[in-house]
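Protein chains get the first letters and strands the later ones, always in sequence-line order, with residue 1 at the start of each.
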Amino acid sequence: MKHFEYMQAESFADAAATLKENTDHRISVMAGGTDLLGALKEDILEDYPETVIGLKGIKEADYIEFSGDTVEIGAMTRLSAIASSDEIAARAPILAEAAYSVATPIIRNVATIGGNVCQDVRCWFYRYPHQIGERFDCMRKGGNECYAIRGDNRYHSIFGGMKTHATPCEVECPAATDIPAYMERMRAGDIHAAARIIMEANPIPMITSRVCAHTCQEKCNRNNTDESVAIHLVERRIGDYILEHAEEFYAPPTAETGKSAALVGSGPAGLAAAYYLRSAGHSVTVIDSQEEPGGMLTYAIPSYRLPKHYVKDLADAYRKMGVKFMMNTTIGKDISAEELEKRYDKVFLATGAWQRPVLGFDGEEFTEFGLQFLKEVKQWVGKKERQNVLVVGGGNVAMDVAVTAKRLGAKSVTLACLEGKLEMPASAEEVARAVEEGVTVMNGFGVSRLLYDGEKINGMELVTCVSVFDQNGRFNPTYDHDSKTVVEADSVLVAAGQKADLSFIEEKYSIALNRGLIKVDEGTQKTSRSGVFAGGDATTGPATVIKAVRTGRLAAEAINREFGIETPKRFSKPGFITYDTEGAQNGTAVRERELPAAERSLEKEDSFTIGGEECLTEAKRCMNCGCYSVNASDISPALIALDAEIVTTKRTIGADAFFTTKLEARDMLDRDELVVSIRFSVPSGFKMGYKKFRVRNAIDFAIVSLAYLYKVEAGKITDAKLVLGGVAPTPIRAKEAESAMIGQAPSAELAGKAAESAIEGAAVMKDNAYKVQIVRALVKQMVAAMR
Amino acid sequence: MIKKDCIVLSINGRKFKFSVGTGFGDVSPSETLTHTLRRRLGYTGSKESCDAGACGCCAVIADGEAIASCMALTVEMDGKSITTIEGLEDPIEGLDPIQQAFIDEYSFQCGYCTPGIIMVAKALFMSNPHPTANEISEALSGNYCRCISQYTVLRALNKLAGNENAELATFTRASDEVEDPIPVRQELYLSPYANGHVCAHSLD
Ligand SMILES: Cc1cc2nc3c(=O)[nH]c(=O)nc-3n(C[C@@H](O)[C@@H](O)[C@H](O)COP(=O)(O)OP(=O)(O)OC[C@H]3O[C@@H](n4cnc5c(N)ncnc54)[C@H](O)[C@@H]3O)c2cc1C
Ligand code: SF4
Ligand code: SF4
Ligand code: FES
Ligand code: FES
């Protein structure tokens with residue numbers, strides 16, 4: 001064991017005070033040490049303690065007291081004392097049996113009841129010693145993946161898992177969409193609930209699923225072994241469903257608040273903010289200088305990726321919701337920003353990044369701005385003006401420009417960018433599409449000068465780019481000026497960066513900027529002006545649709561808070577999380593169906609929404625990453641059955657809440673909070689016991705355990721309480737089985753019925769179906785013994 | 001809060017004083033009792049086998065109770081009286097009766113688990129001179145023997161306790177009568193542990 005300092009506490013208050021005072025110090029408390037020392041030896045804790053506080057010196061916490069019907073047991077009482085107490089055996093045999101079932105006599109002689117209920121998980125992946133090979137950071141240890149989902153899980157949960165922290169896919173999503181939660185709803189056949197979950201984070205999934213680079217998929221845990229879940233394809237189907245049921249999903253608010261907000265810019269940021277603000281009941285006006293709402297969605301992203309009718313239908317749905325669109329209105333020209341602030345309670349600026357940056361090469365004025373080209377693409381249709389096109393830039397806009405130019409009929413399209421193949425900011429799929437359609441990609445080149453003759457363009461001289469980023473990862477390209485290449489072209493489209501459009505900011509309107517972008521507080525999107533918020537590309541520079549959605553939602557939430565409206569609580573399903581054991585074994589993702597290259601055009605969407613069957617198959621591939629271990633303690637199920645109370649240095653918590661709210665009972669405690677004692681009143685007239693199934697008579701943890709309490713009066717079961725251990729992340733009440741029994745006379749038939757009720761809702765994993773049978777057997781045995 | 005700079009332990013009747021810390025010769029607070037006994041003091045009778053509290057090979061008696069010394073910090077043993085297998089033999093009377101019974105019944109094979117078993121048995125006999133067969137099995141349930149010396153161990157101890165039929169002393173088995181069992185990983189094992197075909201704990 002690695003070294004730590006040791007201090008002996010004189011009382012719980014003493015230990016708690018030390019924990020409170022030394023927040024910057026890693027401290028573990030130790031009672032008997034039978035659990036903690038194991039974890040320290042294997043070095044599996046996220047934080048190895050600098051100091052261990054020993055509680056063994058607190059002798060006054062080692063007691064079993066009876067006063068009337070109340071039993072109180074000090075936290076430092078050893079399990080051997082509880083197991084051998086005649087009085088506990090007589091008045092609460094369930095607890096004596098549970099204590100006796102723990103480990104072995106030599107462990108029980110030191111193991112305490114307080115330590116037992118606070119013990120760490122026993123999953124063998126979690127407990128895998130760090131000294132052997134690599135550190136195994138599973139989900140519960142702060143890592144990303146639960147190894148039990150696809151590893152050997154014979155001792156794991158048969159009732160599902162519990163979320164530990166946000167999954168990597170969810171963390172990667174800029175809008176923080178709860179991907180596993182909607183996948184679970186899809187598996188349950190409830191697309192409506194799935195849609196609601198997405199809309200809590202992102203109100204325009206029919207659009208993001210089509211245009212987002214979906215980096216969430218890059219972070220999906222399935223990548224470690226096979227293919228990521230095709231998240232965007234599932235999202236797209238749900239997005240389409242939302243649009244088909246627009247009246248329902250974009251319903252007007254039930255009540256008006258009388259507050260107003262002006263949103264400048266109708267791109268994704270403005271649309272996201274508009275949805276959340278309107279839903280809260282405010283009067284929302286979206287102002288835009290263009291004719292149609294949507295910003296980049298309408299004017300920059302090509303129709304073959306995002307057909308415009310989606311944006312139109314969405315805008316119509318918004319109108320029905322009561323969102324007002326004030327189009328063809330330019331801030332700073334038609335109405336001043338100051339005037340807006342006067343007319344509306346809150347203002348949200350999301351004017352985007354539409355301006356052409358100056359790269360500063362000779363002849364730049366003769367080249368075209370790629371974004372402008374996309375915006376005006378309609379007027380080029382049918383005109384084969386560009387024969388040999390050179391596109392400068394390596395992002396998704398550059399890809400759109402290149403593919404669009406090609407589809408307009410250019411003979412050759414070459415794309416030159418600074419970055420190497422793997423560094424390109426464009427998503428791999430977009431690059432692949434461009435290459436498939438015949439675009440030549442030249443990696444590692446920067447612009448040197450345009451070759452021109454008056455206004456006639458002959459080509460471009462490119463210079464080799466040696467590195468794009470400096471040691472600190474900052475964009476700082478360096479070139480080899482001795483290595484130059486010429487590309488012949490009659491048209492050069494530059495799609496290398498965009499600047500925020502801040503033309504509306506007049507001299508007297510002062511708002512803090514940062515490198516040409518509106519400065520905002522991260523998290524609230526507040527600008528330096530009170531009541532004015534900003535988001536989207538105008539605050540970040542050219543980013544992504546989903547990032548803009550995020551800023552729009554955050555701004556709406558901040559505005560709502562200023563209006564005194566709290567963000568509604570996110571969806572959370574009661575119970576444990578589950579996945580589809582069989583479906584999750586499927587290593588191949590659904591493929592997006594696309595038009596063959598020859599049939600693709602500028603107008604028609606390239607790809608299709610997947611069908612319902614495919615969507616279900618894909619949703620089943622999501623493993624619902626969480627922790628699927630089981631509670632290890634034998635004492636906690638018994639305490640739940642007894643309706644005990646856990647007394648801490650700060651409060652008293654009911655056993656049910658203490659053991660079933662959080663994944664780990666310890667998480668219920670503050671850092672400086674300790675368990676002081678366990679208290680319960682002896683249930684009168686009840687028979688009770690603790691059954692533990694394990695393979696070896698001693699030492700083994702429960703494979704399944706059953707803590708039970710029942711009352712039989714005049715041949716009928718009048719009350720019953722069943723708590724199962726070892727089958728779920730926390731002990732669970734078998735409530736269905738309880739109600740099946742109450743009011744009935746014990747019989748073989750009832751035993752069978754109760755057994756079936758006890759396993760209702762079981763979601764077994766690959767290797768643990770046998771546990772279901774054991775649950776049945778224990779319940780049957782219990783009923784069979786009822787008198 | 002008490003920070004221990006110095007601890008005193010009585011081991012097999014002799015007093016040992018250690019300074020606690022990181023200096024040369026100091027007992028680190030993270031040192032286990034097994035380590036102190038075996039590597040510091042040369043009491044290699046108690047064995048370090050699983051180092052996880054699971055096998056009982058390291059068992060010693062602390063203030064009259066058997067404990068797994070691998071799951072005890074030496075600093076926490078301050079003021080306690082520890083007995084190891086080395087302390088059992090009486091200088092005048094000779095071997096402890098338990099030791100003698102083990103020799104008489106040949107209750108070991110490789111002998112690795114034996115010191116732990118004897119110490120646990122000793123603690124039992126100290127508090128209960130005539131334990132029943134069940135009490136003996138129960139007390140020893142945390143001691144594992146790879147060589148299957150259990151039969152002879154139980155015979156020796158039951159004889160010593162004066163139990164009838166000591167010759168026949170057997171084990172109790174896990175109560176795992178299950179109807180319609182589903183084998184675990186049918187293709188591999190019949191039970192989570194069993195590696196052969198039918199075994200005592202098989203679910204079939
Ligand atoms: C071989 C072996 C077999 C086992 N088999 C079983 C079994 O079958 N069933 C079972 O239930 N357990 C089993 N255990 C786990 C066993 O360690 C616990 O049952 C034991 O009760 C823990 O008590 P402790 O006092 O030794 O805890 P410690 O190891 O001292 O503490 C455990 C955790 O609780 C915290 N803690 C301790 N006391 C308090 C307090 N008062 N307030 C707040 N936090 C506290 C500690 O910081 C630590 O994180 C087994 C352990 C071993 C080594
Ligand atoms: S079940 Fe929990 S503890 Fe085990 S590997 Fe999965 S996340 Fe980790
Ligand atoms: S399997 Fe599901 S929950 Fe896990 S990372 Fe992938 S999409 Fe997210
Ligand atoms: S070494 Fe201590 S119990 Fe195995
Ligand atoms: S005699 Fe060899 S381990 Fe017991």
Please walk me through it: do B/E48 and B/R39 pass salt bridge (Lys or Arg N to Asp or Glu O under 4.0 Å)? CA-CA 11 Å; B/E48 187 174 29; B/R39 296 191 221 171; 3.0 Å; yes

Using a cut-off of under 4.5 Å for heavy-atom pairs, which of [options] has the most such pairs with chain A?
options                     : value
B/E76, B/M1, B/E65          : B/M1
B/D51, B/T22, B/T32, B/N143 : B/D51
B/E31, B/E138, B/K3, B/H35  : B/E138

Qualifying residue for side-chain contact (heavy atoms from CB on, under 4.5 Å) with B/I82, from B/D63, B/I61, B/I11: B/I11

For the interface with chain B, which of A/L37, A/I107, A/L40 has the highest count of heavy-atom pairs at distances below 4.5 Å?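 Highest number of pairs under 4.5 Å: A/L37.
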
Which atoms of [X] are under 4.5 Å from chain B, going by heavy atoms: the side chain, the backbone, both sets, or neither?
X      : result
A/E5   : both
A/K2   : backbone
A/R127 : neither

State plainly whether the residues B/E86 and B/R14 are in salt-bridge range, i.e. N to O under 4.0 Å.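 Answer for the salt bridge query: no.
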
Determine whether the aromatic ring centres of residues A/Y128 and A/Y126 are separated by less than 6.0 angstrom. no

Just checking A/Y100: does its OH atom have more than 12 heavy atoms from other residues, nucleotides or ligands closer to it than 6.0 angstrom? no

B/F16 six-ring centre to B/R40 NZ/CZ under 6.0 Å and within 45° of normal: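 Here B/R40 fails the 6.0 Å and 45° test against B/F16.
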
Can you list the steps and then say if A/L36 with A/S28 is a side chain to side chain contact (heavy atoms under 4.5 Å, CB included)? CA-CA 8 Å; A/L36 185 70; A/S28 291; 4.0 Å; yes

Would you give the length of the straight line joining atom OG1 of B/T152 to atom CG of B/D104, rounded to the nearest 0.5 angstrom?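 If we round to the nearest 0.5 Å, B/T152:OG1 and B/D104:CG are 12.0 Å apart.
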
What I want to check is whether the side chains of A/N153 and A/Y628 have a donor and an acceptor closer together than 3.5 Å. no

Contacts with chain B made by residues 47-60 of chain A (heavy-atom distance under 4.5 Å), listed by residue number: A/I53, A/G54, A/K56

